[in-house]
Amino acid sequence: MGALASHAAGTHDANVVARGEYLARAGDCIACHTVPGDKLFAGGRPMATPFGTLYSPNISPDKETGIGKWTADQFYAMMHTGYSPDGSLLYPAMPFAAYTKVTREDSDAIFAYLTSVPPVRLANRAHDMRFPYNNRSLLLGWRTLYFREGEFTPGAGQSAEWNRGAYLIQGLGHCSMCHTAINALGGSSESKAFEGGLIPMQAWYAPSLTSNTEAGLGDWSIEDITNLLRTGVSRRGAVYGPMAEVVYDSLQYLSDDDIRAMAVYLKSLPPHGGEASPPSAMASEEKDRLYPLGSKIYDAQCATCHGAKGLGKLPEFPPLADNQSIQMTSSVNPIRMVLNGGYPPGTSRNPRPYGMPPFAQSLSDEEVAAVVTFIRTAWGNHGTPVSVREVNDLRSAPLN
């Protein structure tokens, strides 16, 4: 049994509990239901949304404040339908639109694991949603538009490995929650699935997984994809921000077979969307203005690690030349990295990752815009220039 499942397993079979712990890792339950450094699954983690702040519930087995009185049937119904046992509608920050695909067997195993961990007596905090979003009956309309109930259906003619990867990506992994743009109603279109979008309130951009001009994986090797998922770094780049948390809390614990299955499925996503538009005349002028300054800053601050020609020094320092994450339509992520720095996640296979220092205090908005413009357009990169306003807007972004 894993390190998390330290409490007595009660009447549940130890093997089922261990499997449930594994599946809870695959579902990244810790990320929302545990405040960093606090008690496991006690809830209370704030989740800012465009509609107000949600607070995750206590899902420890405490009988008064957690799920200690729930049955396996009630837990499955919640996962599958998005209704709490008391009949209340769940806000879709709980990814029930993905978890509805989880099988009954897997749901029962997760429930067995959750009821095996130490109970925590901590009352749930009320959500702080603005009017009219505090009226949960409005969620009936959202569900009509965006929720399709039903367990995962294996793809006909696909391999067992592909189907396993699809089940993990579409279901427990709920990857589309970040990698699909959210509209003004807080929903997303199935036709736009995995085409990328800005993560609301976090000011990070989740790249398109279907466009080879962004993070589309059609020309990545399976090895490159698996390395990125399980360690946070690969020959093609590294993960930062919210994705680093996913790798740290979830993906590094999955089996090699499951990580490979996810890679096989991701690589099969058909390429579409996110194609770059030709730069405008104004953008070309902005590039001409900022590029010389950016080149000087790069030589002084960046070339030692990333190389004079942007080739990097693998595995410690990723290349910037021909790096898709640098050239994406959105410039949010490279701006944030220059401003705030950061580290890939420390994982069992990469326990001492090399980091990027922050430059927010040493470079002005124009200097950041210049160096990001330079790395997005130098060495054959096809990104667009960055404006001073874009940099200034991100200076106050949350550091997560």
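- By the 4.5 Å heavy-atom criterion applied to side chains, Glu367 and Phe359 are not counted as neighbours.
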Item to check | Residues Glu245, Arg45; criterion salt bridge (Lys or Arg N to Asp or Glu O under 4.0 Å); working and verdict | outcome: CA-CA 15 Å; Glu245 188 174 10; Arg45 186 165 188 178; 3.1 Å; yes
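- For Arg230 and Thr347, the side-chain atoms include no donor-acceptor pair closer than 3.5 Å.
- At a cut-off of 3.5 Å, with distance as the only test, a side-chain donor of Asn183 or Tyr146 sits close to an acceptor on the other residue.
- Here the rule is ring-ring contact (aromatic ring centres under 6.0 Å, His included) with Phe75, and of Tyr99, Phe111, Tyr83, Phe96 only Phe111 fits it.
- Residues Arg260 and Ile222 meet the side-chain proximity criterion, which asks for heavy atoms closer than 4.5 Å.
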Item to check | CA sep, side-chain torsions, deciding dist, call: Asp299, Lys309, salt bridge (Lys or Arg N to Asp or Glu O under 4.0 Å) | outcome: CA-CA 10 Å; Asp299 288 343; Lys309 301 297 183 181; over 6 Å; no
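- A donor atom on one side chain and an acceptor atom on the other are not found under 3.5 Å apart for Tyr167 and Asp258.
- Side-chain contact, Asn58 with Asn124: no donor N or O sits under 3.5 Å from an acceptor N or O.
- Checking side-chain atoms of Thr373 against main-chain N and O of Pro385 turns up no donor-acceptor pair under 3.5 Å.
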Checklist entry - Hey, mind stepping through Asn333 and Ser325 against side chain to side chain contact (heavy atoms under 4.5 Å, CB included) and telling me if it holds? => result CA-CA 8 Å; Asn333 294 356; Ser325 67; over 6 Å; no
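- Side-chain contact check for Phe194 versus Ser176: some heavy-atom pair is nearer than 4.5 Å.
- Side-chain contact between Glu195 and Thr180: absent, with no pair of heavy atoms (C-beta onward) separated by less than 4.5 Å.
- Side-chain atoms of Asn381 come within 3.5 Å of backbone N or O of Asp322 as a donor-acceptor pair.
- Tyr298 has its ring centre less than 6.0 Å from the ring centre of Trp379.
- In this structure, Tyr22 has its ring center at least 6.0 angstrom away from the ring center of Tyr253.
- When the side chains of ILVMFWY residues are joined at heavy-atom separations under 4.5 Å, either directly or via intervening members, Leu198 and Trp204 end up in a single hydrophobic cluster.
- Looking at heavy atoms from C-beta onward, Met262 lies out of side-chain contact with Ile225 at the 4.5 angstrom threshold.
- Between the side chain of Glu151 and the main chain of Arg104, a donor-acceptor pair closer than 3.5 Å is present.
- Between the side chains of Glu161 and Tyr265, no donor N or O sits under 3.5 Å from an acceptor N or O.
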Item to check | Trace of the salt bridge (Lys or Arg N to Asp or Glu O under 4.0 Å) decision for Glu149 with Lys101 | outcome: CA-CA 8 Å; Glu149 182 181 321; Lys101 298 179 184 292; over 6 Å; no
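- Under the 4.5 Å side-chain criterion, counting only non-hydrogen atoms from C-beta, Thr100 is not in contact with Thr81.
- Looking at Gln74, its side chain does come within 3.5 Å of a backbone N or O of Thr71 through a donor-acceptor pair.
- No side-chain donor-acceptor contact under 3.5 Å links Ser255 and Asp257.
- With hydrophobic clusters built from ILVMFWY side chains whose heavy atoms lie under 4.5 angstrom apart, Leu139 shares a cluster with Tyr133.
- At a threshold of 4.5 Å between side-chain heavy atoms, the hydrophobic network of Ile, Leu, Val, Met, Phe, Trp and Tyr places Tyr55 and Leu89 in two separate groups.
- Hydrophobic clustering of Ile, Leu, Val, Met, Phe, Trp and Tyr side chains at less than 4.5 Å, counting indirect connections, unites Met94 with Ile110.
- Contact of the Phe152 side chain with the Leu168 side chain is not registered, since no non-hydrogen atoms from C-beta on lie closer than 4.5 Å.
- In the hydrophobic clustering of ILVMFWY residues, with side-chain heavy atoms under 4.5 Å counting as a link, Trp142 and Leu145 come out together.
- Between His80 and Tyr76, the ring planes lie parallel to each other; the angle is under 30°, not in the 30° to 60° tilted range.
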